[in-house]
Amino acid sequence: MVLTQNGYIQVNSYALDASYPRYASTFKSITRSVVPDPSISYKAKWSDSLPAFIRNISMEKVLEYTLIGAFLGLASGLWSKRFKKKSKL
């Protein structure tokens, strides 16, 4: 498997158990010869060293839920202010 910027390249080979030893070197040669174009080769990022659960966070979803929460908080504040009874001191 060879990583690229867009995914990966996977090369598979198949042979019956009895004939595999005869083709093993050919399979290895073909697999090792796969080299992606430099324009799509994987380039390491600083985030590669972060734990997987952090790398997989969708920042678009974080922003979306933040905006929804802010809107609901504003609506709730305005709603409670509108119906709040004035206290007599």
Side-chain angles (χ1 to χ4, degrees):
M1 186 178 317
V2 180
L3 293 176
T4 68
Q5 286 298 101
N6 302 322
Y8 60 89
I9 300 169
Q10 182 173 343
V11 179
N12 298 308
S13 52
Y14 176 82
L16 297 174
D17 288 340
S19 60
Y20 182 79
R22 183 174 30 173
Y23 297 112
S25 63
T26 303
F27 292 157
K28 288 178 185 176
S29 174
I30 292 169
T31 303
R32 291 181 179 149
S33 71
V34 175
V35 178
D37 186 81
S39 66
I40 65 165
S41 291
Y42 182 74
K43 294 157 189 72
K45 298 176 275 196
W46 68 270
S47 61
D48 290 346
S49 61
L50 296 174
F53 73 92
I54 293 175
R55 279 193 316 255
N56 294 333
I57 293 174
S58 168
M59 294 314 288
E60 291 82 16
K61 286 290 183 190
V62 170
L63 179 61
E64 178 182 341
Y65 291 132
T66 301
L67 292 174
I68 290 171
F71 175 75
L72 291 175
L74 177 65
S76 173
L78 292 173
W79 183 264
S80 67
K81 185 177 181 179
R82 181 175 182 200
F83 293 104
K84 186 177 182 180
K85 294 180 181 178
K86 294 184 180 181
S87 63
K88 297 180 181 178
L89 294 176

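These values consider heavy atoms only, across backbone and side chains, with no hydrogens, waters or symmetry-generated copies.
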Next item on the list: Answer yes or no: is there a donor N or O on one side and an acceptor on the other, between the side chain of S41 and the main chain of D37, under 3.5 Å?
Entry: yes
Rounded to the nearest 0.5 Å, the OH atom of Y65 sits from the CD atom of E60 at a distance of 12.0 Å
Between the side chain of K45 and the main-chain N/O of K43, is any donor-acceptor distance below 3.5 Å?
no
In this structure, CG of L67 is separated from CG of L72 (nearest 0.5 Å) by 11.0 Å
Taking atom NZ as the centre, does K81 end up with more than 12 heavy-atom neighbours from other residues, nucleotides or ligands that are less than 6.0 angstrom away? no
- Begin with the C-alpha distance, continue with both residues' side-chain angles, and end with the deciding distance and a verdict on side-chain contact (heavy atoms from CB on, under 4.5 Å) for I40 and Y42. CA-CA 6 Å; I40 65 165; Y42 182 74; over 6 Å; no
Exercise. Within a strict 4.5 Å, meaning less than it, do heavy atoms of the V62 and I57 side chains meet?
Worked result: yes
When rounded to the nearest 0.5 Å, the distance separating OH of Y14 from OG of S19 is 8.5 Å
Original post:
Checking S49 side chain against W46 main chain: does a donor-acceptor pair fall under 3.5 Å?
Top reply: yes
Start with the C-alpha distance between V2 and V35, add both sets of side-chain angles, then the distance that settles side-chain contact (heavy atoms from CB on, under 4.5 Å), and finish with yes or no. CA-CA 8 Å; V2 180; V35 178; over 6 Å; no
The reported gap from CG in L63 to CD1 in I68 (rounded to nearest 0.5 angstrom) is 10.0 Å
Q) Is a side-chain donor-acceptor pair under 3.5 Å present for T4 with N6? A) no
Quiz item: Can you hop from I30 to I9 via hydrophobic side chains spaced under 4.5 Å?
Solution: yes
Y20 and A15 have their tightest heavy-atom pair at CA-CB, 4.0 Å
Output for pair (K61 NZ, T66 OG1), nearest 0.5 Å, gives 12.5 Å
Taken to the nearest 0.5 Å, the spacing of L3 CG from Q5 CD works out to 9.5 Å
